[in-house]
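Counting starts at 1 for both ligands and their atoms, in listed order. These figures come from a predicted structure and were not determined experimentally. For this chain, numbers begin at 1 and follow the sequence in order.
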Amino acid sequence: MNRDKFSITRPDDWHLHLRDRAALATSVPHSARCFRRAIVMPNLKPPVTSVAAAGEYRERIVQAIPPGGSFEPLMTLYLTDNLPVSEIDLAAREPWLAAVKYYPAGATTNSESGVTAIEKVYPVLARMEEADLPLLLHGEVNDAEIDIFDREAVFIDRILQPLRERFPRLRIVLEHITTREAAQYVTEAPAPIGATITAHHLLYHRSDMLAGGIRPHLYCLPILKRDIHREALRAAATSGNPRFFLGTDSAPHAVTDKETACGCAGIYTAPSALELYAEVFEEEQALDRLEAFAAFHGADFYGMERNSSRVELVREDWTASERFAFSDDEVVPIRAGEKIRWKFAGTGS
Ligand code: DOR
Ligand code: ZN
């Protein structure tokens, strides 16, 4: 496919951070412009640890959808050592409550209340397996002994594989995979398992972040790896394998929290995410596989209907904004002030 214009079924974002309150005025329109649905992460302060809190958060998101927009937030519960099993029963009853998110305690932004030892949540996981409620994994060990570049691969051996042996029917998404090992594991493991892949891990490797000056706006977790891993992710995303699907992990932080001595992890990709995926798929000569990755595989994995409307992309250079207003601060998006090759040209039926 070598075109200057094409349309695909409207995509969904299966991993998204919108933040809360005033920040929603920026984050929600950026995602709603082209994504139809999004799985919204629960790592707020305080985290979303009950179905009631998820419902209230969802309402605040809905209020921020621009008039006439059709965007459906699918909510998640934040797994803690103390999440009651009864909360899983409540979650399973709500069609808008899509999954439970596991953060290893302390591994990333607002993960302090995460799980300290996987055994502590076995009863909850057993109930999730019964109820067929998916578990979304931040797949890194948080262990000072383990080098930050190895934390995903070690997670697969130490946590994921034993977890799957114990709960073989539990539906699992290994989120934002960053390594050849993760892509291989997800390809070969018995069902039910899937993985999301971000645009930034397909586009960049660690030297892009660290060579010739440190670029805090490319700092995220799991951290960008060597180029061989980016190549493996590109192969997985463009393979047509239905286990791999789009999840941006778009994660806005105020610029003052990024450009500082100890900056937060997270890359704000929502304003150009679909265009950046298109760039990658074109480079891999796989534009004809973008639709399935972006709009079919995730919906099929979650057992949801595929979207019926469409979006159009045109080959047209545009320059990404330098900044957006963000609560009482600003946020710097990916590619700020730089060229992007594809342009979103609207939704249609
Ligand atoms: O880069 C990241 N940002 N990785 C995460 O796991 C969390 C996210 C955030 O919430 O900022
Ligand atoms: Zn995330």
Which residue and heavy atom of the protein sit nearest atom 7 (C) of ligand 1, plus the separation: Thr108 OG1, 3.3 Å
query: For Phe293, which of Trp14, Phe281, Phe244, Phe301 qualifies under ring-ring contact (aromatic ring centres under 6.0 Å, His included)?
result: Phe281
- request: Give yes if a backbone or side-chain nitrogen or oxygen of Pro222 is under 3.5 Å from a nitrogen or oxygen of ligand 1, and no if not.
  value: no
field: ligand 1 contact on His200 by region, counting heavy-atom pairs under 4.0 Å
entry: neither
- prompt: Within His15, is some N, O or S atom less than 2.8 Å away from the Zn ion (ligand 2)?
  reply: yes
- prompt: Are Trp342 and Phe6 an aromatic pair by the rule of ring centers under 6.0 Å?
  reply: yes
query: Looking at His138, which atoms of ligand 1 are within less than 4.0 Å of one of its heavy atoms?
result: 6 (O)
message: Between Tyr78 and Tyr103, is the ring centroid distance below 6.0 Å?
response: yes
message: Can you give me the closest heavy-atom contact between Arg151 and Asn142, atom names plus distance?
response: NH1-OD1, 3.8 Å
field: Numbered atoms and elements of ligand 1 in range of Cys220, under 4.0 angstrom, heavy atoms
entry: 1 (O)
Pair His229 and His201, ring centroids less than 6.0 Å apart: no
statement: shortest atom 3 (N) of ligand 1-to-protein heavy-atom contact is with Ala265 O, 3.1 Å
Atoms in ligand 1 with a heavy atom of Ala251 nearer than 4.0 Å: 3 (N), 8 (C), 9 (C), 11 (O)
query: Quick one: nearest non-hydrogen protein atom to atom 1 (O) of ligand 1, plus distance?
result: Leu221 N, 2.9 Å
query: Does Lys101 have a non-hydrogen atom less than 4.0 Å from ligand 1?
result: no
- prompt: Under a heavy-atom criterion of less than 4.0 Å, does His253 contact ligand 1?
  reply: yes
message: If you take the centroid of each ring, where Trp contributes its six-membered ring, are Phe167 and Tyr122 closer together than 6.0 Å?
response: yes
Plane angle bin for Phe155 and Tyr102 - parallel if under 30°, tilted between 30 and 60°, otherwise perpendicular: tilted
Polar contact flag for Tyr103 and ligand 1 (N/O pairs, less than 3.5 Å): no
- prompt: Checking only N/O/S atoms, does His17 have one that is under 2.8 Å from the Zn ion (ligand 2)?
  reply: yes
- request: Please confirm whether the backbone N or O of Val331 pairs with a side-chain atom of Arg323, one donor and one acceptor, at under 3.5 Å?
  value: no
task: Determine, step by step, whether His205 and Glu231 satisfy the side-chain hydrogen bond (donor to acceptor under 3.5 Å, both in side chains) criterion, reporting the C-alpha distance in whole Å, the side-chain angles of both residues, the deciding distance to 0.1 Å, and the verdict.
output: CA-CA 9 Å; His205 54 88; Glu231 291 300 330; over 6 Å; no
- prompt: Does any N, O or S atom of Asp249, backbone or side chain, fall under 2.8 Å from the Zn ion (ligand 2)?
  reply: yes
- request: Compute the centroid of each ring, for Tyr268 and then for His30, and state whether the two points are separated by less than 6.0 Å.
  value: yes
field: Identity and distance of the protein heavy atom lying nearest atom 10 (O) of ligand 1
entry: Asn43 ND2, 2.8 Å
- prompt: Are any of the N/O atoms in Gly266 less than 3.5 Å from those in ligand 1?
  reply: yes
